[in-house]
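Notes to accompany the following structure.
As a basis for the values below, the full set of heavy atoms in this structure was taken, side chains included, without hydrogen atoms, waters or symmetry mates. Within every chain, numbering begins at 1; the chains are lettered A, B, ... in the order of the sequence lines, protein sequences first and strands thereafter.
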Amino acid sequence: MPIDIPKDKWPGSIKKITLGATAAEGGTRAKSITLGGQTTLPYLHFEAPTPNSPAIAIEIKSRKPEDWSPLLAEVWGEAMNDPAKWAKKAEEAGADLIVLALMLADSPDDAVKAVKSVLSASGLPLIVWGPGQAEKDNELLVPVAEAAKGEKLVLGICEDKNYRTIVATAMANGHLIEARTPMDVNLAKQLNILITDMGLPADRILMDPTTGALGYGIEYGYSVMERLRLAALQGDSMTQLPMIVTPGFEAWKAKESKVGEGVPESWGDWKARAVHWETLTAVALVESGADVIVLRHPESVKRVKSAIEELVMA
Amino acid sequence: MALSGIQIYKMLPQTNCKECGFPTCLAFAMKLAAKQVELSACPYVTEESKKQLAESAAPPVRLITLKAGTEVKAGNEVVMFRHEKTFYNKPGLFLRLKASDADLAKKAAAADAYKVNYVGMDFTLDGFAIEADGDLSAAVKTVRGVSKRPLILISNDPAALDKALSQLAGETALIYAADPSKYETLADTAAKHKAVLTVRGDSLEALADLTPKIQAKGVEDMVLDLGGKTLGEWLTLSTQARRLALKSNFKPLGYPVIFFAGQNGPEKEPVYAAQAISKYAGFVVLDTFTPELAYALLVLRENIYTDPQKPIQVQPGIYEINAPKPESPVLVTTNFSITYFSVANEVEGSGLPAWLVVTDAEGMSVLTAWAAGKFDAERIAKAVKEFNLAEKVSKKRIVLPGHVAVLSGELEEELSGWEIRVGPREAVDLPAFMKQALN
């Protein structure tokens, strides 16, 4: 029996954006990464091909984080003391790009040094996060943006309370920004409007809709991403941006991943559970439209990468 | 697909006889479309119209129930995306066991006994799929010795199935699977034992050809195996089947889907199962049982199938964090799950012991609940008394969320003898507050 499969035809599409600049493009990256360009919902090849595969980022820190799970300390080892070595190891683990998270203890000089050392150790495009306090973020990200002028970094994290300084320095130095809003379609739109009103072109914004880990609110992030993607395809230009999500950060905050003792026996083996937690959080978000997936454990990277390959394969 | 009032009107006698209790046939049709009256109220409707209207009222994805000592349901879904309404019937998680396995009883017993608690709810696996690589009815007997959960029988041998199903009187089992080359005898077996029959085909077209033939043999309850070899292919097939059922009201594919997550080995199994859960499977069969994987998948299923209109709530009560002692601090928050988790996680992560009083704020966050009058001094005081907090703690001091600092005066009046402190607005600042301000 011939079947007439219902197909969606959308008026809108996701903007293409490029992270990182090669020597030819005015930077020093070994390659740049292009994201976006989708004209239908994720991986529905019977409607349209997936023009650009989502990218996996590994999160590293400018100094050894004291609050990370021992499982992560075990796998990254000594490299955690040196962002350059850590970046190199992350690249070997299969990362498409690096997220370097600066820390509160960093001075502007420390931050610039850390960024430069990562840029020389690895040819991957780089995302740089401030430590997450408005004043400190601005204090560190401005000199970083200037020192890495032309590299097309992604600077983050812009939020509605603090975006002007970061956007201004991204504009002045040819970088992109990450715009985070708390799991809400309208807030995401609004922040993108505020940022583009300052004069930053929309194709230099990565949208971070915020996510929760498996068991800790993933369903909110999942549905907000589906709704953002539907709005974008329906033609709402301020939602037509690639999305970055942080399942690594969220999953490793959860007790299920973080600790091995004092938990119910029914939670099973700690290490296997931790990797499941990060992987399943990530894969659910890949299905709902994530373009950049920031992870922490190399085993999760391997599994999510393999899942993406199977999804993108036509 | 549901018919509109006008479409229904065309099938009515259009005489405006008023015997149904409505002034016109059109008014009656509108009520029918809104499912507020029964068609039987019209004495003059033709048999032909009755049949058409009954068909249009049938759910686009047929509801399938597997029954034994427990039940598992699949189907009856009405949306492609959970935010459009909700996903209703959580896909059953089944563990595949081999009839030839010498440890069959042990493995089935361990998986059957598995139970894990998530925000106050107990989750278990839903049943077993028994592969007939040995004596099927002996294996069924063995599994029935240790578990009362519903079964899937993997065999295409009608005689073996007949013998095995005879032991499952009163149950509804699922047979896996009929294919175009061999469906007649299996359909007869399913019909005889009132079992559900899985239908397998190389393409959606092949499946759509087969299901009406099986239906004609008297089997109404079917489950589909859509085939496919990669995550991308499964996503395409399950999306197409769901769309055909929901958007085109295409009955030949209006059945729940079964998916075998272990088909490419244990390393890929978690991810395959995860996609099946978010993308429309009705039954998911696992080859691997480990507590850590079961827990992760059960939580994912709960999250995806949570009604977006009704946030997950945690049970109101006193939660002990990091083994608190009587002198440990008391924190108060609401029972919206995300609020609870934010607070519990921060405190847990800090290693500091605390008593966390979770009040019944009808699943709202602190500010929302406060604005709606569901998180006020009276309710907090009631919780403190109801949960007998005074018997657990020696230091009668309560920390309020910073957002509801305004409640502190009133709460002091409600709870005489208790010291009320105002904590930080955000959970993330709790550890610092507890270290600095509470010592």
Side-chain angles (χ1 to χ4, degrees), chain A residues 1-8 41-46 50 67 212 214-220 222-224 226-227 230 253-256 258-259 262 264-277 279-281 283-284 287-288 302-304 306-314, chain B residues 81-83 114-119 203-206 208-209 212 230-233 235-236 239-240 243-244 247-248 250 252-253 267-268 270-275 277-279 290-297 299-300 302-306 308 311-312 322-323 337-338 341-342 344-345 348-349:
Chain A
M1 182 189 301
I3 297 178
D4 187 13
I5 308 259
K7 288 186 188 175
D8 288 331
L41 291 167
Y43 317 110
L44 297 183
H45 300 294
F46 65 101
T50 304
D67 57 345
L214 178 59
Y216 297 82
I218 191 176
E219 67 274 26
Y220 295 88
Y222 182 90
S223 284
V224 164
E226 286 193 331
R227 289 172 54 205
L230 286 164
K253 209 164 66 172
K255 193 174 180 182
E256 279 80 355
K258 200 167 181 181
V259 298
E265 204 177 310
S266 54
W267 285 16
D269 179 74
W270 177 25
K271 190 175 164 188
R273 180 179 69 240
V275 171
H276 288 328
W277 224 258
T279 305
L280 264 51
T281 303
V283 167
E287 307 267 5
S288 58
K302 198 175 123 200
R303 294 190 190 181
V304 176
S306 147
I308 290 173
E309 276 164 19
E310 283 193 40
L311 284 167
V312 171
M313 213 161 28
Chain B
F81 304 100
R82 56 185 295 283
H83 67 260
Y114 180 73
K115 190 165 84 175
V116 66
N117 189 281
Y118 169 69
V119 294
S203 64
L204 295 184
E205 285 80 3
D209 281 337
T230 64
L231 278 175
E233 287 179 25
L235 179 65
T236 289
T239 303
Q240 290 179 338
R243 270 199 203 163
L244 281 162
K247 302 201 167 166
S248 314
F250 187 68
L253 294 178
E267 194 170 321
K268 288 174 178 260
V271 165
Y272 286 4
Q275 175 175 290
I277 287 170
S278 2
K279 292 295 175 183
T290 62
E292 61 273 13
L293 178 58
Y295 178 39
L297 292 174
V299 170
L300 178 65
E302 181 63 27
N303 290 166
I304 296 292
Y305 277 73
T306 292
I312 313 183
N322 298 327
S337 68
I338 306 294
F341 281 129
S342 311
N345 270 4
E348 230 161 60

Among all residues two or more places apart in sequence or in another chain, which pass the salt bridge (Lys or Arg N to Asp or Glu O under 4.0 Å) test with A/R227? none
Interface check, chain A: of B/K268, B/E302, B/K279, B/E348, most non-hydrogen pairs under 4.5 Å belong to B/E348
Would you mind telling me which of A/R303, A/R273, A/E287, A/K302 has the largest number of heavy-atom pairs within less than 4.5 Å of chain B? A/E287
Portion of B/L293 that has a non-hydrogen atom of chain A nearer than 4.5 angstrom: both
Partners passing ring pair (Phe, Tyr, Trp, His ring centres under 6.0 Å) against A/W267 (at least two apart in sequence or in another chain): B/Y295
Donor-acceptor pair, distance only, cut-off 3.5 Å: does the side chain of B/R243 make one with the backbone of A/I5? no
Most chain A-contacting option - heavy-atom pairs closer than 4.5 Å, from B/V271, B/T239, B/I277, B/N345: B/N345
Name the region of B/Y305, side chain, backbone, both or neither, that has any atom closer than 4.5 Å to a heavy atom of chain A. neither
Short question: side chain of A/T281, backbone of A/L214 - any donor-acceptor pair under 3.5 Å? yes
Contact leader toward chain A among B/T236, B/V299, B/N303, B/L235, where contacts are heavy-atom pairs under 4.5 Å: B/N303
Scanning both residues in full, the closest heavy-atom pair of A/W270 with A/E256 reads CD1-O, 4.0 Å
Under 4.5 Å from a heavy atom of chain B, the part of A/P6 involved: both
